[in-house]
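Taking it in order: structure first as structure tokens, then the write-up.
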2 protein chains.
Amino acid sequence: MKKQSGAQALERGLAVLEAVAAAPPEGMRLTEIAEMCGLEQPTAHRLVAALERGGYLTRVGDTKRLRLGLKLFQLGATGADAGGLAAAARPALVRLAAASGDCMFLMARSGFDAVCLDRQDANYTIRSLTGHVGGATPLGLGPGSTTILAHLPEAERAEVLAANRERILALGHDVPSKADLAAIRKCGFCHEVNRSVAGIVGAAVPIMTPKGHPIAAIAIGATEARLPETRLLDVIATMKDEARKIEAIIASSRDGLLS
Amino acid sequence: MKKQSGAQALERGLAVLEAVAAAPPEGMRLTEIAEMCGLEQPTAHRLVAALERGGYLTRVGDTKRLRLGLKLFQLGATGADAGGLAAAARPALVRLAAASGDCMFLMARSGFDAVCLDRQDANYTIRSLTGHVGGATPLGLGPGSTTILAHLPEAERAEVLAANRERILALGHDVPSKADLAAIRKCGFCHEVNRSVAGIVGAAVPIMTPKGHPIAAIAIGATEARLPETRLLDVIATMKDEARKIEAIIASSRDGLLS
DNA sequence: ACAATAACTTCCATAATATGGATTTATTGG
DNA sequence: CCAATAAATCCATATTATGGAAGTTATTGT
């Protein structure tokens, strides 16, 4: 009994893209793709051919190996802005990075993940787990991500948690408890020490839509020494200020940018 | 008589993505998508639903309008590196931007287009036509793009020119002549004054694979005043040097990065 | 506020399309 | 150079996408 999606071929094609995206930079062989996606080899061949034709996949050098093509980069750059969010938040990030001297991230929600939309480092020290722009973590792993999760409405929160529990555990981390999330909601920020990486402190505040939906978060990454408890609250306060400014920009823009 | 692709549904789905990518940031309505892609409306609906499920499309705010989703940004960031090219070229770009004081671009070929992979500006003055990272122009429009075109093998060059002629004319620019391209091949760089934008000078040198295929170009954008003929050749010489260094890195990396 | 219109969603019989087993051709490795 | 493995191609089959029609839900105009 197959699933009743009505667009099997498209979904399979997208699955191929995601499989190749997850592969190492030497690329993937057709057979591997077929196996990874649970497709017969001729089927994979057809899908790959179509994706290649469109520039979504390219051959590695002169081999048969396949890798993501630049078309995705092109499209990705177009969608990157998330409807003005990145642009609206950029100045805030710059200010925060400069003021704190640490590394600031803009994380936005995408389905069950949070994606790093932008990043400003005052001095290139830290590469956090979600460090690189374009990187994604399951909602619930990492401060920015967890802040967004915490501020979702009850029902959605449960759904996301259920969906992500296994993924997070598989990555060797633990899943935030209900109490953790409630605490984050209460004080309006998330603070993590030594959670994803030893010696690294992370903290984040949410960016909410006028309707009270969390769409993104501003996160900070720093070493434990640089961000002691004493300084933390100051920094968080500044971050909240900036988050509010971004919210104001979002609210005032006539095209709802909110997701 | 339909085309014999063997993956109609996938191709249609990709067409939907590209249509939405070309749309303004307020997003697109289902009907518009259907019309733009030549699909019946229920068909478009099914494809859109699948793409939305995968995070490739999102609803704008709480409306029904559709816009590119962050999944594309995610995948795009993964593929952005073009197999090490961007990383290999980054230091060269930084050096060139610092040394020249102008704006440097890394353009890479993607099918019939050249995509801006990276950009370094010494001082934020110019926004060239292909300025933003992720932007694409048809091969034959803009210096970096034209340099790549010029260095393609005869047959491929003709094919690309035929494919792009209309597109370039439609954008209100003219298509490089055979003589233009031959000249670029001969002197190893492309120089354009007042071509795409008045008062702006562009120039570019190709980056070739060991097998003599152009995969990318380093381009410079500056105002006419900043880049007079006298300075031009110096700058070009430096750019050629850097291009050669990048070629060396590419050649020495065991995974062929070459496209 | 209500009607009229347009956009979106769902349904389903039909046929066009994707499917995958079998085969040929190319590539890789010993 | 030959064996083994992977990729490309073929094609009869039935699964899957298709699009007309009808039912809902927004949007627009009066």
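Per chain, numbering begins at 1; letters A, B, ... match sequence-line order. From a predicted model like this one, the values you see are computed outputs, not experimental measurements.
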Problem - Sugar-phosphate only, base, or nothing, as touched by B:Arg65 at under 4.0 Å among non-hydrogen atoms - result: nothing
Handout entry: Proximal nucleotide (of D:dA17, C:dT9, D:dA8) relative to the A:Ala9 side chain
Key = D:dA17
Completion exercise
Rounded to whole Å, the CD-C1' distance (B:Gln41 to D:dG23) equals 13 Å
Practice task
Compare side-chain N and O positions of A:His45 against OP1 and OP2 of D:dA7 and report whether any pair is under 4.0 Å apart.
Solution key: no
Practice task
Give the rounded distance in Å between these two atoms: CD of A:Glu11 and P of C:dT19.
Solution key: 12 Å
Practice task
Kindly point out which of D:dA21, D:dA8, C:dC8 is positioned nearest to the side chain of A:Leu30?
Solution key: D:dA8
Problem - Heavy-atom side-chain contact between B:Arg65 and B:Arg29 under 4.5 Å - result: yes
Exercise for the section: Please tell me if the side chains of B:Leu66 and B:Leu51 come closer than 4.5 Å, counting only heavy atoms from C-beta onward. Expected result: no
Exercise for the section: Give a yes/no on whether any side-chain N or O of B:Arg12 is located under 4.0 angstrom from OP1 or OP2 of D:dA17. Expected result: no
Completion exercise
DNA chain C nearest-nucleotide lookup for A:Thr63 and A:Leu47: closer to the 5′ end is A:Leu47
Handout entry: Heavy atoms from other residues, nucleotides or ligands near CZ of B:Arg90 exceed 12 (cutoff 6.0 Å)
Key = no
Fill in the blank from the handout: Ranking C:dT19, D:dA7, D:dG20 by distance to the side chain of A:Thr31, first place goes to D:dA7
Fill in the blank from the handout: In whole angstroms, the gap separating P of D:dA6 from CD of A:Glu40 amounts to 15 Å
Handout entry: Euclidean distance, atom CD of residue A:Glu32 to atom C1' of C:dT27 [Å, nearest integer]
Key = 15 Å
Exercise for the section: Give a yes/no on whether any side-chain N or O of B:Gln8 is located under 4.0 angstrom from OP1 or OP2 of D:dT18. Expected result: yes
Practice task
Verify the contact: side-chain N or O of B:Lys64 to OP1 or OP2 of C:dT9, cut-off strictly under 4.0 Å; return yes or no.
Solution key: yes
Problem - side chain to side chain contact (heavy atoms under 4.5 Å, CB included) partner of A:Leu85, chosen from A:Ile249, A:Ile250, A:Asp118 - result: A:Ile250
Handout entry: Length of the line joining A:Leu57:CG and D:dA7:C1', which is rounded to integer Å
Key = 16 Å
Exercise for the section: Describe the nucleic acid contact of A:Arg46 in one word from base, sugar-phosphate, nothing, applying a heavy-atom distance below 4.0 Å. Expected result: base
Practice task
Report yes if some heavy atom in the side chain of B:Ile215 is under 4.5 Å from a heavy atom in the side chain of B:Ile148; otherwise report no.
Solution key: no
Completion exercise
DNA chain D nearest-nucleotide lookup for B:Thr43 and A:Arg29: closer to the 5′ end is A:Arg29
Practice task
Could you state the atom-to-atom distance from CG of A:Leu39 to P of D:dA7 in whole Å?
Solution key: 14 Å
